[in-house]
2 protein chains.
Amino acid sequence: MSRTPQHAPGPEPEAEARRPTIVDVARHAGVSKSLASRALRGDAGVSGPSRLLVQQAAGALGYRPNSAARSLVRGVSGLIGVVLNEIGNQHHTEIVAGVEDQARTLNASVLIGHGGHSALELCRQIDTMIELRVDGLVIVSSWVPGEVLERAGGEVPTVLLTQVDNPPPVIDTIASDDVAGARMATEHLINAGSRRPAYLTRSRSATSRARTEGVLLACQAAGLPWAVEQFDPGQQRQLAELVGTGRYDAVLCNNDLTAAEVIRAAHDHGLRIPGDLQVIGYDNTRLARFLFPSLSSVDQPQYLMGQRAVAAITERREGRTTAVREFYTPQLVERASTGQPHN
Amino acid sequence: MSRTPQHAPGPEPEAEARRPTIVDVARHAGVSKSLASRALRGDAGVSGPSRLLVQQAAGALGYRPNSAARSLVRGVSGLIGVVLNEIGNQHHTEIVAGVEDQARTLNASVLIGHGGHSALELCRQIDTMIELRVDGLVIVSSWVPGEVLERAGGEVPTVLLTQVDNPPPVIDTIASDDVAGARMATEHLINAGSRRPAYLTRSRSATSRARTEGVLLACQAAGLPWAVEQFDPGQQRQLAELVGTGRYDAVLCNNDLTAAEVIRAAHDHGLRIPGDLQVIGYDNTRLARFLFPSLSSVDQPQYLMGQRAVAAITERREGRTTAVREFYTPQLVERASTGQPHN
DNA sequence: TTGTAGGCGTTATCAT
DNA sequence: ATGATAACGCCTACAA
């Protein structure tokens, strides 16, 4: 028995290697296609022998349900879409893990689309997901324009996992409080003796802007000047040079990788960490533990946020019409890159 | 005009907020659904006024094509699936970028499925992709059993981007030569003076095994003993302790993050790099530049491999039946973590 | 328990 | 240039 289906009555001896459909399975098993459908899905009301027959036929033919056909007739796809702008990023990874685990409880699978740091591409991914008729959409980026969010939310339960300025009411938002996180981290730096703290970022996202705000608040409260140093992703040297000037005695970075750059530059310039320069990262990725000195970092409940996103989608599908607005307070994980050197 | 479709003739005044279909668009525009279909897709043979009418109707209704229906009737989905076991990994990121750029030339979009380090989940993702009827499948993991690969290859053009032992002929393989890469790296360590090199890994994949082989070959050729140190992902302390023993004077790590751990441990134990311990990573991720000292690393043409994978899929779809077996030779990028300290 | 028939939204093949 | 109409593969009343 070859695996390619061979329907004898066909007038074409050189038949194309067509994928077997449920009709083929039914014919092979000698039953109607509706019975085959029920048997394959484990429906009740199918006799033992029939079920077995159908299953064997499906196995012999290598049958695979066509999810396009199924989605079409059932109106749901069993797909949760996640759109983010950087897949090589521990922060996003944890969110996706949360989404996946929660999706598993719904027997849904997760599709990841990534915009590669391009807002346009990000929107295209969202369109693709919607046209695929995902049952819910999780957006992990603050680069999506409000109107796109609004359209998306009108078509499918949509959850945004970042802070934005004015989220439309049709979408839910579940975010970590970036203002609070940055403020807390900056206060930590100041309490440990910093008098010239700064915020370093390579991102222009709303998320990064919110962190700027947190730094500002902490500095104002302490009566200190505040500084933001913005770099473009390409600029490598500038960041290292800035660190070398010794202009700041403590920096909060937009993420752990940028913090790694800073630590590196400090080494090169002979600066002690945390003695000459305190450093805090953001996202508390695995990397933070492996740097030298180990990196203090702001931790967000990413996994939990991913889970909650899927829960919010479920609620929307079950009729909720009010918007979820959840905020989580991040935690500062203190390691060796901050604090008073001799304490 | 509200955005929810309101078909006047409907007998239900409390109509469900159904998604508008092409029939709604056609009715709204006063044309047949076939004409609407052609107009929306930009087919030739539609008069200017009709096209405009249809487009306006679609815009007014917020129409979105249902890709399930389209996929069903056309037999192609316009989707390329990528399955990998770790999305938070720069190595994979670059591959995906290559896949995406090449997919764009086919007007296809890319879906990412990730197995979260579970072989079972990985296979489930592959099944999902196949049932979604992706037009091609790219697998970036050496954990997928041969029989699963074979089945997948029988159903859809499939490309494996890792080295495995006996790839079935129905799938294409495009891989970087891990034996050669590890051998080259090890030879570099030996040339720089190492007499006790070792290979450090947290992975038990076929990829990692191949690298073991490369280390072995280099050591044998130099008449040196060879060593492999295998750790489980959870074990943190063991790796640090091993480094502290000073048992080895040079290590090749399975990836850059593990190399970061080693560097960190060396710092903690007061070992000089590269004087007391040379370190090489694998994958040449962004991180390698930011470590201190900067990390030598084995670079693979990941982006290119991603591109080639899609090209191979295209060729399969156009009738090629022989298997592609491409190998790329990796390059060693030398930085400050290896070499003779005073040269 | 099993079969029949209709429809999901789209494209494509015919006519007109 | 436009319009019927028949698929695509599956699910689901409804009937037997």
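All chains are named by letter (A, B, ...) in the order of the sequence lines, taking the proteins before the strands, and each is independently numbered beginning at 1.
Among the atoms of the strands shown, none is found under 4.0 Å from any heavy atom of B:S71.
Rounded to 10 degrees, the angle separating the terminal axes of the helix from C:dT1-D:dA16 to C:dT16-D:dA1 is 40°, with each axis obtained from five end pairs.
With sequence neighbours left out, the salt bridge (charged side-chain N to carboxylate O under 4.0 Å, His left out) criterion links A:D135 to no other residue. Contacts of A:T93 classified as side chain to side chain donor-acceptor pair (under 3.5 Å), with partners at least two apart in sequence or in another chain: none. Evaluation of the salt bridge (charged side-chain N to carboxylate O under 4.0 Å, His left out) rule for B:R51 yields no partner, not counting sequence neighbours. For the side chain to side chain contact (heavy atoms under 4.5 Å, CB included) test, residues two or more places apart in sequence or in another chain that qualify with B:A36 are B:I22, B:A26, B:V31, B:V54. B:E121 meets the side chain to side chain donor-acceptor pair (under 3.5 Å) test with A:R104, B:R124; sequence neighbours excluded. Taking A:S141 as the reference, A:N85 meet the side chain to side chain donor-acceptor pair (under 3.5 Å) condition, with sequence neighbours excluded. B:D172 is linked by a side chain to side chain donor-acceptor pair (under 3.5 Å) to B:R316, B:R320, counting only residues two or more places apart in sequence or in another chain.
Of all nucleotides in DNA chain C having an atom under 4.0 Å from a heavy atom of chain A, the first and last in 5' to 3' order are C:dT1 to C:dG9.
Applying the ring-ring contact (aromatic ring centres under 6.0 Å, His included) test to every pair with at least one member in residues 60-84 of chain A, sequence neighbours left out, gives no pairs at all. Listed by first and then second residue, the side chain to side chain donor-acceptor pair (under 3.5 Å) pairs that reach into residues 66-75 of chain A come to none, sequence neighbours excluded.
Here the rule is side-chain contact (heavy atoms from CB on, under 4.5 Å) with B:L137, and of B:T158, B:I171, B:L149 only B:T158 fits it.
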**Report entry** Per-nucleotide protein contact string for nucleotides 9-16 of chain D (B base, S sugar-phosphate only, - none; heavy atom under 4.0 Å)
**Finding:** BBBBB---
